[in-house]
Amino acid sequence: MKREGGQAVEANEEIRNTERRHIESVLSGNKNDYAYLVDRYKNKVYMLLRGMGAEPQDAQDLTQEAFIKAYRKLDQHDPDKSFAAWLYTIAANIFKDSKKRKKIPTELLAEQDQIAEKGPEEILLLSEKQKEMQYRISKLPVNYRLVLLLRYTNDLNYAEISEIMGCHVSKVQNDLYRARLKLKKMMIGEERIDHEMLEARRF
């Protein structure tokens, strides 16, 4: 178990080193190297924005805006800190600014752009489960939705999430705990309703 944890840390560090090299290359004038960062994070930024409540087309536009802004401010990024967390902060702030310009309906999560090759039954089942989870999470307060996305979809640690959300690590941990608890209660409630409906049909 420890070995697997160590391998994960090494893999993350290797990714960060690769990102640093590309950032340094872009800052040195090799603009094309920015494509590596865009390709690596475009889907995650899109999913983050969808999770925060952006409509599909708005999320695409805001994702593009986030990468443009990050490119222009790339020299301000601290190489000793996570590029992902820095980028997500930019995206989250752009979304907040966009809400001031117009009200964006609350929806959550788009289906992944690509689904691993599966049979028709598996794809249908996966789609239904995704829709169910999307609906549950959409009922959570915005801060709960955001912390869930950053933690589990974008795999950020508590410190990185606290920077993006502008709060203490303790609040991130508390929000994450309460978000999971609310989801659990929703699922238990749904199971109870399903059971009652089945029982009613017997008579």
Side-chain angles (χ1 to χ4, degrees), residues 4-102 104 107-118 123 126-127 130 134 137 145-166:
E4 291 180 359
Q7 290 175 338
V9 171
E10 290 179 4
N12 288 335
E13 187 59 33
E14 183 177 346
I15 290 172
R16 288 199 177 189
N17 287 335
T18 301
E19 289 178 353
R20 288 191 192 102
R21 288 195 295 271
H22 279 82
I23 291 171
E24 290 173 359
S25 178
V26 173
L27 292 175
S28 297
N30 301 311
K31 297 179 180 180
N32 290 337
D33 280 351
Y34 191 63
Y36 167 83
L37 299 171
V38 174
D39 290 339
R40 178 167 176 74
Y41 289 107
K42 62 183 179 183
N43 288 338
K44 291 185 177 182
V45 171
Y46 174 83
M47 292 292 286
L48 173 64
L49 292 166
R50 286 283 285 139
M52 292 181 73
E55 291 278 12
Q57 186 57 54
D58 290 326
Q60 290 181 14
D61 294 340
L62 294 173
T63 295
Q64 184 175 5
E65 187 177 342
F67 278 107
I68 292 173
K69 190 169 186 178
Y71 177 79
R72 291 172 178 169
K73 293 189 172 186
L74 198 58
D75 60 340
Q76 298 178 26
H77 170 253
D78 185 345
D80 293 326
K81 293 186 178 181
S82 167
F83 173 77
W86 181 73
L87 176 62
Y88 296 149
T89 301
I90 291 175
N93 287 336
I94 286 176
F95 173 75
K96 291 173 184 176
D97 290 340
S98 74
K99 286 186 69 176
K100 296 176 184 177
R101 297 193 295 267
K102 76 171 187 176
I104 300 178
E107 292 182 20
L108 186 69
L109 295 175
E111 294 182 2
Q112 296 289 347
D113 290 338
Q114 295 181 346
I115 298 177
E117 291 185 2
K118 297 177 181 293
I123 293 176
L126 177 61
S127 177
Q130 285 180 334
Q134 288 171 15
I137 298 177
R145 297 203 308 265
L146 182 55
V147 75
L148 280 171
L149 284 167
L150 292 174
R151 180 62 174 170
Y152 296 114
T153 302
N154 296 297
D155 198 28
L156 299 186
N157 59 43
Y158 295 134
E160 291 169 337
I161 295 173
S162 69
E163 287 185 21
I164 294 172
M165 298 183 68

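Every residue meeting the side chain to side chain contact (heavy atoms under 4.5 Å, CB included) condition with K42, not counting sequence neighbours, appears here in chain and number order: V38, D39, F67. Not counting sequence neighbours, the partners of H77 by the ring-ring contact (aromatic ring centres under 6.0 Å, His included) test are F83, W86. Annotation: side-chain hydrogen bond (donor to acceptor under 3.5 Å, both in side chains) contacts of S25 (sequence neighbours excluded): N30, D33. Residues passing the side-chain hydrogen bond (donor to acceptor under 3.5 Å, both in side chains) test with Q76, sequence neighbours excluded: none. For E163, the salt bridge (Lys or Arg N to Asp or Glu O under 4.0 Å) test picks out no residue, with sequence neighbours left out. In this view, Y71 and V26, K31, Y34 satisfy the side chain to side chain contact (heavy atoms under 4.5 Å, CB included) rule, not counting sequence neighbours. For N32, there are no side chain to side chain contact (heavy atoms under 4.5 Å, CB included) partners at least two apart in sequence or on another chain. Legend: residues meeting side chain to side chain contact (heavy atoms under 4.5 Å, CB included) with T89, ordered by chain and number and at least two apart, are N93, I164. Residues satisfying the salt bridge (Lys or Arg N to Asp or Glu O under 4.0 Å) criterion with R20, sequence neighbours excluded, are E13. With sequence neighbours left out, S162 forms a side-chain hydrogen bond (donor to acceptor under 3.5 Å, both in side chains) with no residue at all. Not a single side-chain hydrogen bond (donor to acceptor under 3.5 Å, both in side chains) links N157 to another residue, sequence neighbours left out.
Residue pairs meeting the salt bridge (charged side-chain N to carboxylate O under 4.0 Å, His left out) criterion with at least one member in residues 71-92: none, sequence neighbours excluded.
Here the closest non-hydrogen pair linking M52 and L149 is N-CD1, 4.2 Å. Contact detail for A91 and L49: the closest heavy-atom pair is O-CD2, 3.6 Å. Of all the heavy atoms in R145 and G51, the pair that sits closest is NE-O, 3.2 Å. Closest approach of A66 to I90, counting heavy atoms only: O-CG2, 3.9 Å.
Separating the CE atom in M165 from the CG atom in L150 is a distance of 7.0 Å, to the nearest 0.5 Å.
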